[in-house]
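Below you'll find the structure, written out as structure tokens, and then a few comments.
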Amino acid sequence: MGNQTKVTEFILLGLSNDPQMQIFLFLVFLVVYLITLLANMVIMLVVRTDSHLHTPMYFFLSHLSFVDICYSSAIVPKMLWNFLAEHKTISVNGCFAQMFFFFLPAATEIFILSAMAYDRYAAICDPLRYMEKMSKGVCALLVSGAWAMGFINATLNTVFALKLHFCGPNQISHFSCELPSLLPLSCTDTVTNHMVLFTSVVILGSSSFLFTLVSYIHIISTILRIRSAEGRRKAFSTCSSHLIVVGLLYLTALFQYTKPSSVSSLLLDEMFSLQYSILTPMLNPIIYSLKNRKVKTAVGKMLGKFKFFKSF
């Protein structure tokens, strides 16, 4: 350690070294980021302004949109900057900060999705006690708990990462400072970091997944007991958007952080990271808008208030 130079910044190699491809990727991800911001802000605005959406389901949806904005903003702005920058660097402290603000909304999102699953369970399986089970206090407690779990997860992994020493090389084979890409660059032992990361992902991910799974086992069982086909269709339609969003997140994020090293590859890692950190925050509000009649109606009413849209 005494003869080695301490690293003060990292180089993010990104998705491509070709200058023309980098300009193309900049334009693509700029559009994706703008759609993410606009779509999620629209969801938050219509939920706040439309009295028909002042229910627990849409309360959680507005918080999910806010989390998605935070999630995407932790990664994409620096990514866009590096597409155009000659020196694609990030300071060590900046890298740890990005890691923290990546872990925070990531864990928060999976627990908000679990709260949304519980909300659907209460609405379908016990409708007579729905308002009692999903009171304002309960909803606020569930969202606060989600943020608390996200903060614990982010703090735990970041604190242990701060104990690492980096003395070269300093090239991260990724477009962001995700911990699995950072650990191989450390010149100190990373066994503890791998254990903390794996344990936190397994405990938080599996507990959230099992909570969601149990909720949907009860939901599906209840739906199947509904006699009319129209009743079953209406009941299931209230859950379909949530199921798609949960599937997009769990199939990529959990596999990425729990897969064995023998199946790891740079291309696979980048594809999964793009899916859960950049594409999912854009797709979530679109899925809910397309699959939810009340959201579509509220967005249409909001746009209808602007004379600019009426003139075309």
Which atom pair, heavy atoms only, marks the closest approach of C177 to M99?
-> O-CB, 3.7 Å
Between Y121 and D126, does any side-chain donor sit less than 3.5 Å from a side-chain acceptor?
-> no
Between C167 and V7 the two heavy atoms that sit nearest each other are C-CG2, 3.7 Å
Does T36 offer a backbone N or O that forms a donor-acceptor pair with the side chain of N40 under 3.5 Å?
-> yes
Any side-chain heavy-atom pair of L104 and F151 under 4.5 Å = yes
Provide the closest heavy-atom pair for L164 versus L183 in the form atom of the first, atom of the second, distance.
-> CD1-CD2, 3.6 Å
What distance do H63 atom NE2 and C139 atom SG have between them, rounded to the nearest 0.5 Å?
-> 9.0 Å
Gap separating the CG atom of L84 from the CD atom of Q22, nearest 0.5 angstrom | 8.5 Å
Below 4.5 Å, heavy atoms only, C-beta onward: do I35 and I286 meet side chain to side chain?
-> yes
Shortest non-hydrogen contact between A117 and Y216, atoms and distance = CB-CE1, 3.9 Å
Do other residues, nucleotides or ligands put more than 12 heavy atoms under 6.0 Å from the NE2 atom of H54?
-> yes
Nearest 0.5 Å, what's the OG1-NZ distance between T192 and K163?
-> 8.5 Å
Is there side-chain contact between F100 and T155, with heavy atoms separated by less than 4.5 Å?
-> yes
F175 versus L12: any side-chain heavy-atom pair under 4.5 Å?
-> no
F66 atom CZ: more than 12 heavy-atom contacts under 6.0 Å = no
From I112 CD1 over to F59 CZ, what is the distance, rounded to the nearest 0.5 angstrom?
-> 8.5 Å
Distance col, row I172:CD1 vs F10:CZ, nearest 0.5 angstrom, shows 5.5 Å
Gap separating the CZ atom of F29 from the CE atom of M282, nearest 0.5 angstrom = 10.0 Å
For D18, does the CG atom have more than 12 heavy-atom neighbours from other residues, nucleotides or ligands under 6.0 Å away?
-> yes
Any side-chain heavy-atom pair from L113 and T212 closer than 4.5 angstrom?
-> no
Validation row: L197, F103 side chains within 4.5 angstrom (heavy atoms) | yes
Minimum heavy-atom distance S173-L13, with the two atoms named = OG-CD1, 3.8 Å
Given the side-chain rings of Y71 and F102, with only the six-membered ring counted for Trp, is the space between their centroids under 6.0 Å?
-> yes
At their closest point, which heavy atom of V67 faces which heavy atom of P105, and how far apart are they?
-> CG1-O, 3.3 Å
Determine whether more than 12 heavy atoms belonging to other residues, nucleotides or ligands lie under 6.0 Å from atom CZ of F101.
-> no
Do the non-hydrogen side-chain atoms of N170 and L185 ever get within less than 4.5 Å of each other?
-> no
For the residue pair D119 and Y130, establish whether any side-chain heavy-atom pair is separated by less than 4.5 Å.
-> yes
